[in-house]
Colleague: 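Below you'll find the structure I mean.
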Amino acid sequence: MHDLDELLTHCIRCGFCLEDCPTFVETGNELESPRGRIYLVRSALEGKLNWQDDVKPHMDLCLGCRACETACPSAVEYGAIFEMARDIIEREKPSMSKRALLASTTNPGILKAQLAASKFLPGGRVPNFVSKLLSGSKAEADLPTVQANKPLPTFETEVSVRGEVFMLTGCAMQVLYPRVHECTRRLLRRIGYVIRDVPQGCCGALHAHNGDLTTARKLGTELVRAFTGDIPIIVNSAGCGSTMKEYADLIGPECADVAGRTFDLSEFLLSHGLVDELAKAPGLGGVTVTYHDACHLSHGQKVTSPPRELIQAIPNSTFVELPESMMCCGSAGVYNVLQPEMARRLLDRKVGHIKETDAEIVATGNPGCHAWIAQGCREQRSARVMHTAELLEAAFVGLDGFVM
Amino acid sequence: MDFSTLEAILRPDQILSGAAASRGYDCDAYTVDRSKPSVIVLPETTLEVAAVVRWCAASQVPFTSRGAGTGLSGGAMPALGGVVISTKRMNHILEIDLENRCMLAQTGIANRRLTDAVKADGFHFAPDPSSQSVSTLGGNIGENAGGPHTLKYGVTVQHILGVTMVDPLGEILTIGGKLGCGPGYDFLGLICGSEGTLGVVTEAWVKLTPLPKAVTTALVAFPTIRSATETVAGIIATGTIPAALEMMDRGIMNAVALAFKLTFPSEAQALLLVECDGDDADVVAKEMESVRTVCESNGCLEIRIASDEKERANLWMVRKKGIGAMGRIAPSIVTHDGVIPRSKLPEMLDFVYEVAEAHKIGVANIFHAGDGNLHPCFYFDDRDPLQVERVIEAGEIIIKKCIELGGSVSGEHGIGVEKMDLMPLMFSPADLEAQAMCKRIFNDGMLCNPCKVLPNQRGCAEHKMRWRGVAT
Ligand SMILES: Cc1cc2nc3c(=O)[nH]c(=O)nc-3n(C[C@H](O)[C@H](O)[C@H](O)COP(=O)(O)OP(=O)(O)OC[C@H]3O[C@@H](n4cnc5c(N)ncnc54)[C@H](O)[C@@H]3O)c2cc1C
């Protein structure tokens, strides 16, 4: 496991992270930059600053997107520093409302009940009094709604089965985006893999990112127990995949093998021949597609090329790069509920770039980004958002089954 | 001091204060010296900067300009406290004039973004400090920054056509413009490299340079430091001026091997990165051929020529992020900056290794060999005050040697607070007084970035005790 003090020493203050940090780019404030935050954490650890008054506000505004890790030549593990600092802050003075938010978002039963109740809320937003309690400001994020979809055409393939995989069903994902799981299952089958269904829980990613390492470790340990053996684990949610690949650091050496057999769906599909299958597919009838890099996929897992290669292999479609595709959209787990103002600024920036591309579809590989960017695109009448898995499956069965 | 009256000038979100803010802005990338500001302001326009400076002048509060804070000599450290004026909200391009090959931008914009804006049209902003992905136009002007391509394209001053500046009393001055400076004395030359001591530059007209049509880049490995340094002298002697001629020694090679998985022959002790460019592909190819001949005659181990743009970009990333990668090896670094005649490179490098060893600190070298601009990078642990002392001492010895060999105390990182006291080694009292007179044309007080560049300023000696070596 990590030693915070040691992690901090790797920052030599060169500042190469600054222009890649969304909150620094938006505010120009050194304290809202990775270099500044690392300095504050180091100072608090040395007893020169106070965790709650001096450090907490700046750790709160951090998205945890880890773009700084991609920029950093010295391989400072900012994500780990961030989680450990938040853990210290939370343990010193726990925030009950934040805990409740995490618990409900990551518990499928509670989430479903909330969704049912939310139909009665004005404007489908988080009620302002709840938002004020959590963040002190007005709500920006619409309440999650379950993806509405028509049934997909019956599944056909001539490929024979050649192996088994696990799929992380996750917490929010299975409630909000059942269609993504359905597409994942179909795509895997198209390359000859079937999913071994096992009872499983939450991976603990949201807890880890929000300073509750104890719960994260507990959930992670249970999850690893569910995925026994050496079967590949397929994850279609970037934030979860990133945490699972780092279980060895979070939990301990007993999880050493997990990183090696956990794959983002796009990685697995690319390395197991989906491109060949796509070549035989009818494709997308000439639409223009762009791609938003989910932070925990690009920065957390360094997976940027596989989704692009797959999307570019879809017949009858045009791919355009999204400017600043690797900059966080502001969703960042529950960030858009806790920090609505900054989240909104980043969403507007993202949707502005999407409009510049004139793309009709934006693909992305994470439920948080999916919902948040979809909200922005809806408000500004821009592109439709699809999970990469949905887009790839649509290449085989057409877009009809995927309602906006 | 009552800073609350600043609220009449700026919105609350443009004013930072408190323990965390003072801490966050107490140094730049030179971490040996630190001094806290009381307040940091984030103005968005020239007018706002002028209002802040007038406030400082009226209240007799010192102020220091700051861009990205990547400076390596403490230039943006608020030596006497007071107000830090950050340009980081002034990051807009105001006008692009491709026909006249120039562009007007606010000075808080990162260098790289200037080029990004015109690259598709075949242009770039030529000054390319390794920090260009983040360091600002204002900081580049402040330090008259150079970079690997300085060898052929010159330093920042050659690419600035005009500036808008707020002087230390809060007056807005315009010097030069779209068409450069008119006849008369070259004030623009004086502003470039003045390290924020003459005022706050808020906007600048920069020159746009066409991108060369042909570029070839080679990474060459050598068995000894000497064979590499002699190759540098040899290449220059042929009359070829490469676009860039950079050297890395084993210390940096270790860091970049870790950071970027760069591979090289195991017995290599030094690498040269050589780039030739121009509009005529044949000429460029011939230049590279002559470079190859010199490398081979000096016994190089391997010459790797980048086969495509991706490989080329990767080689440059390795070079530009080389110093940044030193955090993999040690918790802190001090990157020195001295100049020597190219012919003295072999002797000087031997000296650097000796000094580092005698002071029990690590050293790695990555530098602009073509210009004889040395950057010994000491790596150490700044939590240990004894190491900090040794690092400061070793640095001074090295700079003294540069001057002895007929070189300079600084090539491009500036004097800041780091090398103020070394200035008399290079300049006579009369020289320094002449410089002080130049400074007084714009700045006749002690408020605008005090205690920088010139030694023996009134009131700085006692304060120095407070910041020197306060690395913790
Ligand atoms: C890893 C690394 C590599 C580097 N490589 C190079 C290199 O190759 N070549 C090179 O020359 N330098 C290099 N540097 C040093 C540094 O990046 C440059 O000096 C750069 O120009 C500083 O820009 P900045 O925006 O960070 O300025 P800051 O550090 O914020 O300020 C630098 C100085 O300029 C003044 N200043 C800033 N803005 C203004 C303004 N608007 N008006 C007036 N004065 C102002 C400040 O007061 C200060 O004195 C490197 C630094 C690092 C950390």
Side-chain angles (χ1 to χ4, degrees), chain A residues 5-21 23-59 61 68 70-78 323-324 341-342 345, chain B residues 13-14 16 18-21 23-31 40 42 44 66 68-72 84 86-91 108 110 112-113 130-131 133-135 255-256 258-260 317-318 320-335 377 379 381-383 472:
Chain A
D5 198 31
E6 202 276 328
L7 289 176
L8 292 166
T9 61
H10 290 279
C11 175
I12 51 163
R13 291 185 58 83
C14 71
F16 281 15
C17 50
L18 296 175
E19 292 287 319
D20 284 300
C21 172
T23 54
F24 180 77
V25 169
E26 282 291 321
T27 63
N29 180 347
E30 176 79 23
L31 307 183
E32 308 304 352
S33 79
R35 179 176 67 177
R37 290 182 178 120
I38 288 171
Y39 197 27
L40 296 185
V41 170
R42 186 170 162 175
S43 303
L45 215 54
E46 289 168 354
K48 296 191 174 97
L49 290 177
N50 172 307
W51 285 107
Q52 303 301 329
D53 301 339
D54 301 326
V55 186
K56 182 174 185 295
H58 308 291
M59 298 318 282
L61 198 67
C68 46
T70 303
C72 179
S74 278
V76 173
E77 291 178 59
Y78 179 82
E324 291 189 346
E341 283 173 32
M342 180 56 73
R345 280 164 74 170
Chain B
D13 71 285
Q14 294 177 289
L16 314 174
R23 180 69 169 166
Y25 284 86
D26 72 0
C27 66
D28 52 18
Y30 175 68
T31 58
I40 299 93
L42 294 157
E44 290 165 12
R66 176 182 170 109
T70 67
L72 290 170
V84 162
S86 163
T87 58
K88 277 314 299 178
R89 290 228 185 132
M90 304 206 298
N91 50 16
R112 162 69 52 76
R113 292 188 194 264
S130 301
S131 57
S133 57
V134 292
S135 67
V256 297
L258 278 175
F260 312 111
M317 193 217 11
V318 167
K320 297 216 162 168
K321 289 193 163 184
I323 293 267
M326 289 301 293
R328 295 182 189 247
I329 294 183
S332 339
I333 57 165
V334 164
T335 308
C377 171
Y379 51 93
D381 188 338
D382 72 359
R383 291 166 298 184
T472 48

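Chain letters run A, B, ... following the sequence lines, proteins first, then strands; residues in each count from 1.
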Colleague: Tell me, with the steps shown, if B:R23 and A:S43 meet side chain to side chain donor-acceptor pair (under 3.5 Å).
Modeller: CA-CA 8 Å; B:R23 180 69 169 166; A:S43 303; 2.7 Å; yes
Colleague: Among B:A21, B:A259, B:S86, which has the most heavy-atom pairs under 4.5 Å with chain A?
Modeller: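 Greatest number of close heavy-atom pairs with chain A: B:A21.
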Colleague: Is a side-chain N or O of A:S74 found less than 3.5 angstrom from the main chain of B:G324, in a donor-acceptor match?
Modeller: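 Here the side-chain-to-backbone pair exists.
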Colleague: Under the 3.5 angstrom rule, does the side chain of B:K321 hit a backbone N or O of A:F16 as a donor-acceptor pair?
Modeller: no
Colleague: Among B:K320, B:M317, B:R66, B:R112, who wins on heavy-atom pairs under 4.5 Å with chain A?
Modeller: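 Highest number of pairs under 4.5 Å: B:R66.
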Colleague: Would you check, one step at a time, whether the test side chain to side chain contact (heavy atoms under 4.5 Å, CB included) holds for A:F24 with B:V134?
Modeller: CA-CA 11 Å; A:F24 180 77; B:V134 292; over 6 Å; no
Colleague: For the CD1 atom of B:I333 and the SG atom of A:C14, what is their distance to the nearest 0.5 Å?
Modeller: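 It is 7.5 Å, given to the nearest 0.5 Å.
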Colleague: May I ask you to decide if B:C27's main-chain N or O and A:R13's side chain share a donor-acceptor pair within less than 3.5 Å?
Modeller: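 Here the side-chain-to-backbone pair exists.
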Colleague: Supply the atom-to-atom distance B:S133 OG to A:D20 CG, rounded to the nearest 0.5 angstrom.
Modeller: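 Going from OG on B:S133 over to CG on A:D20, the span is 7.5 Å.
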Colleague: Quick check against the 3.5 Å criterion: does B:R89 have a side-chain atom that pairs as donor or acceptor with the backbone of A:E26?
Modeller: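 No; zero donor-acceptor contacts below 3.5 Å.
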Colleague: At a 4.5 Å cut-off on heavy atoms, which part of B:F260 comes close to chain A: side chain, backbone, both, or neither?
Modeller: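 For B:F260, the side chain is the part near chain A, not the backbone.
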Colleague: Side chain from CB out, backbone as N, CA, C, O: work out which of these in A:R35 comes under 4.5 Å of a heavy atom of chain B, or both, or neither.
Modeller: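 For A:R35, the contact with chain B is made by the side chain alone.
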Colleague: Checking B:A255 against chain A: side chain, backbone, both or neither under 4.5 Å from a heavy atom?
Modeller: neither
Colleague: Does any backbone or side-chain atom of B:D13 lie under 4.5 Å from a heavy atom of chain A? Answer side chain, backbone, both or neither.
Modeller: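 It is neither, since no heavy atom gets under 4.5 Å.
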Colleague: List the atom of B:G24, the atom of A:L31, and the distance in Å for their closest heavy-atom pair.
Modeller: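 Nearest pair, atom of B:G24 first, then A:L31: CA-CD2, 3.7 Å.
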Colleague: Answer with side chain, backbone, both or neither: which region of A:N50 has an atom nearer than 4.5 Å to a non-hydrogen atom of chain B?
Modeller: neither
Colleague: Where on A:L49 is there a heavy atom nearer than 4.5 Å to chain B: the side chain, the backbone, both, or neither?
Modeller: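 It is the side chain, since no backbone atom gets that close.
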Colleague: Nearest 0.5 Å please: distance from the SG atom of B:C377 over to the CD1 atom of A:I12.
Modeller: 7.0 Å
Colleague: Spell out, as yes or no, whether a donor-acceptor pair under 3.5 Å connects the side chain of A:T9 to the backbone of B:P331.
Modeller: no
Colleague: Before accepting this row, confirm whether a basic side-chain N of the pair B:K88/A:E19 lies closer than 4.0 Å to the acidic partner's carboxylate O.
Modeller: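 A:E19 and B:K88: salt-bridged.
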